[in-house]
Colleague: 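Can you read through this structure? Questions will come right after.
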Amino acid sequence: MIQIRDFNKHENENVTVQGWVTNKRSSKGLEFIILRDGTGFAQCVVSEEVVATKVFADAKLTTQETSVKLSGKIVKDERQIGGYELQINDIEIISIAESYPISNKEHGVEFLMDKRHLWLRSKRQWAIMQIRNKIIFSIHKFFQQEGFVQADAPIFTGNAVEGTTTLFSTEFYGEDAYLSQSGQLYGEAMAMALGKIYTFGPTFRAEKSKTRRHLSEFWMIEPEMAFYDLDMDMDLIEQFIKFVTNEINETCKAELEIIERDTTIFSKIVEQKFPRLTYDHAVKILKGEEKVNGKTTIETLEADLAEVKANIEALNKEIAEKEVAIEAGVSKGQRNFMQNKIDTLKNDIKDLEVKAKNIPEWLQSAKDFTYGTDFGGSDETVITRMFDVPVMVYNWPHEIKAFYMKRDAGSPHLAKGVDVLAPEGYGEIVGGGERETDLNLLIEKINEHKLPMSAFEWYLDLRRFGSVPHAGFGLGLERMVAWICKLPHIRETIPFPRMYGRLLP
RNA sequence: UCCUCCUUAGCUCAGUCGGUUAGAGCACCUGACUGUUAAUCAGGGUGUCCUAAGUUCAAGUCUUAGAGGAGGAGCCA
């Protein structure tokens, strides 16, 4: 028994594979079965001339998602996705599938989410899960190579890190408890014991967010390093993102091709230095007061808008031409094809029109930006639009950052935090910074944030007993997957997403 | 919590100014074709128009309320 992944090692050999029929095409005397086995997809051909009558009849019986065991010879064929196909001489049906709900055609989001347990079988979802796995693996690889120890934070916690409103509350042997929204504080404790650590675990946020960027349950990686300052932290983040991007680019070529990811950006990320902007600097760029590569945000976005409008016009023209052609009379097949194409173009226009409507709003919001506040989603899009690679924004007004962020000794109104904004409109994928070491400042901050001091006594101990400079960051795994795969929505980055209104399947 | 949009066949959607019997593609079935890549071609029928109330001679279409969904704001990774 071999796997589709290993077809290239068995050219011209007779082998047996088992899997599921994911699609089937037929022609006189020929059946083309596209088989999937979890490791890949391969075309398997049954020829009536070659096989026993029973074998050909069985091949005809198979339906989409029928499980089968196939025997035959592996033959090189450049036209196939993996480069090989199986010429079948025997078939054993394991279980005939009843009418399968997910066809090879278009489906809506709600339908597919309700069928998520089956949707995962489709090629695109398979590729995304393979990439997710490789991302997880390369994250571990990077930190382990760099001498980090994986050390996990608890999931049940007795206190909120940054206020209680966003947590899922539960009960722990009669006491009020919450599901962890971050392992940050525990990470600091573990770094004081082990030097350099990283946590890798689930995180829970109870915000009723319904957006393409939010999950209620997601996986977060939080490294924490003793004797690190903000600059060292930023160096590490950049090195880390470059490493993971490069690993995926090199080891997931087939998967990236299936999801049609434009990979030219990956080499730029590996080669170019990530811009590091202070918050003040980022605000100037955002408001169009400073040029990047000779252009302001205003000029760039106005050019984008003109391009979008030109695209809409071009698509409308294409639709009109096709409609004229249909009026004039064409064969039924051509008419269907054109009608389908028109529908696709109309959807494209809808997307572009949303964009055309958004751009002026983004510009206005950028111009009106108030210094001292946090960037909104559109502000992040505008800033990252100016660069090809992730952008690091550091030295934030301390009021908008968490209580544990270190104040800048030179400019006390600033906190030494850093946000990494991914390009292509994906926004914040990493948030981190250097941690406050001054015991009195921390106490002051905990009071300011109205957090219960008793719950933080253990945390303050870290400053009482051999306090050292330290820093770390948090990476949202699903946001990383979404960006690497350039997915329109975070719900496709995790096998069974949990979000507001979605608890099943 | 707030704003905008959506709900019509198994799926994706169209349905004009409120007007006759509710439309298409796909899926499915039958047939044709010896190499298909979402194969193609011919034929075959499918409806609680989300629910309730209202306006009207007449409601898929208009009004109100409700349910479900999508996108966004806030918040964040």
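Order of the sequence lines fixes the chain letters, A, B, ..., with proteins taken first and strands second; residue numbering starts at 1 for each chain. Hydrogens, waters and symmetry mates are skipped; everything else that's a heavy atom, side chains included, is used.
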Colleague: From NE2 of A/His214 over to P of B/rA73, roughly how many Å is that when rounded to an integer?
Modeller: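 So the NE2-P distance, A/His214 to B/rA73, works out to 9 Å.
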Colleague: In whole angstrom, give the distance that lies between atom CG of A/Leu112 and atom P of B/rC11.
Modeller: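 The answer, rounded to whole Å, is 11 Å.
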Colleague: Compare the minimum distances between each of B/rA70, B/rC11, B/rG72 and the side chain of A/Phe111, then state the nucleotide with the smallest one.
Modeller: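 Out of B/rA70, B/rC11, B/rG72, the nucleotide with an atom closest to A/Phe111's side chain is B/rC11.
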Colleague: A/Phe369 vs A/Phe375 aromatic rings, parallel, tilted or perpendicular, using cut-offs 30° and 60°?
Modeller: tilted
Colleague: Using the ring of A/Phe274 (Phe, Tyr or Trp, six-membered ring only), decide whether A/Lys242 places NZ or CZ under 6.0 Å from its centre and within 45 degrees of its axis.
Modeller: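 That pair qualifies as a cation-pi contact.
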Colleague: Check every strand shown and say whether A/Glu222 touches a base, only sugar-phosphate, or nothing at a heavy-atom separation below 4.0 Å.
Modeller: nothing
Colleague: Give a yes or no on whether a salt bridge exists between A/Lys416 and A/Asp233, defined as a side-chain N under 4.0 angstrom from a carboxylate O.
Modeller: no
Colleague: Do any side-chain nitrogens or oxygens of A/Arg502 fall under 4.0 Å of OP1 or OP2 in B/rA70?
Modeller: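 So the side chain of A/Arg502 is outside the cut-off, no N or O lying under 4.0 Å from OP1 or OP2 of B/rA70.
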Colleague: Let me know, please, whether A/Gly29 or A/Asp419 comes out on the 5' side of the other along RNA chain B by nearest nucleotide.
Modeller: A/Gly29
Colleague: Remember a base hit wins even if backbone is also touched, and classify A/Asp77 as base, sugar-phosphate or nothing at under 4.0 Å, heavy atoms.
Modeller: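 Base contact.
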Colleague: Which part of the nucleic acid does A/Gly108 contact within heavy-atom distance under 4.0 Å: base, sugar-phosphate only, or nothing?
Modeller: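 A/Gly108: backbone/sugar contact only, no base atoms under 4.0 Å.
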Colleague: Centroid-to-centroid, A/Tyr500 to A/His214, below 6.0 Å?
Modeller: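 No: the rings miss the under 6.0 Å criterion.
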Colleague: Classify the nucleic acid contact of A/Gln43 as base, sugar-phosphate or nothing, counting any heavy atom under 4.0 Å across all strands shown.
Modeller: base
Colleague: On RNA chain B, nearest-nucleotide positions of A/Gly501 versus A/Ile34: which is more 5'?
Modeller: A/Ile34
Colleague: Considering just the side-chain nitrogens and oxygens of A/Lys208, establish if one lies under 4.0 Å of OP1 or OP2 belonging to B/rU1.
Modeller: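 Yes, such a contact exists.
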Colleague: When you measure from the side chain of A/Asn23, which nucleotide among B/rC75, B/rG35, B/rA38 comes out closest?
Modeller: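 In terms of side-chain proximity for A/Asn23, the closest of B/rC75, B/rG35, B/rA38 is B/rA38.
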Colleague: Quick test of the criterion, 5.5 Å between centres and less than 30° between planes. Is A/Phe218 stacked on B/rA77 or not?
Modeller: yes
Colleague: Taking the six-membered ring where the residue is Trp, are the ring centres of A/Phe148 and A/Phe143 under 6.0 Å apart?
Modeller: yes
Colleague: Check every atom of B/rC75, B/rG35, B/rA38 against the side chain of A/Leu30 and return the nucleotide holding the closest atom.
Modeller: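 So the nucleotide nearest the side chain must be B/rG35.
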Colleague: With a 4.0 Å cut-off on heavy atoms, is A/Leu215 in touch with a base, just the backbone sugar-phosphate, or nothing at all?
Modeller: base
Colleague: Should B/rC26 be called syn or anti, with syn set as within 90° of 0?
Modeller: anti
Colleague: Decide if the gap between the ring center of A/Phe473 and the ring center of A/Phe240 is smaller than 6.0 angstrom.
Modeller: yes
Colleague: Check every strand shown and say whether A/Thr203 touches a base, only sugar-phosphate, or nothing at a heavy-atom separation below 4.0 Å.
Modeller: nothing
Colleague: What is the separation between atom CD on A/Gln64 and atom P on B/rC11, rounded to the nearest whole Å?
Modeller: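 My rounded result for the distance is 15 Å.
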Colleague: Could you give the NE2-to-P distance, from A/His107 to B/rU7, as a whole number of Å?
Modeller: 19 Å
Colleague: Would you mind reading off the distance between A/Leu487 atom CG and B/rG71 atom P, rounded to a whole angstrom?
Modeller: 13 Å
Colleague: Just the rounded figure in Å: distance from P of B/rU12 to CE of A/Met113.
Modeller: 14 Å
Colleague: May I ask you to verify if any side-chain N or O of A/Arg205 is less than 4.0 angstrom from the OP1 or OP2 atom of B/rC75?
Modeller: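 So the side chain of A/Arg205 is outside the cut-off, no N or O lying under 4.0 Å from OP1 or OP2 of B/rC75.
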Colleague: Nearest whole angstrom, please: distance from the C1' of B/rC76 to the CD1 of A/Ile429.
Modeller: 14 Å
Colleague: With respect to A/Arg116, which candidate in A/Gln125, A/Arg491, A/Arg502 satisfies the side chain to side chain contact (heavy atoms under 4.5 Å, CB included) definition?
Modeller: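 Only match with A/Arg116 under side chain to side chain contact (heavy atoms under 4.5 Å, CB included): A/Gln125.
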Colleague: Heavy atoms under 4.0 Å, any strand shown: does A/Glu217 hit a base, just sugar-phosphate, or nothing?
Modeller: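 Nothing, no nucleic acid heavy atom in range.
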Colleague: Take atom C1' in B/rU20 and the same atom in B/rG69, then report the distance between them in whole Å.
Modeller: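 Result for the C1' pair: 35 Å, nearest Å.
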Colleague: Would you say A/Arg212 places a side-chain N or O within less than 4.0 Å of OP1 or OP2 belonging to B/rA73?
Modeller: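 No, no such contact exists.
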Colleague: Grab the NZ-P distance between A/Lys60 and B/rC29 for me, whole Å please.
Modeller: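 After rounding, the gap between these two atoms is 12 Å.
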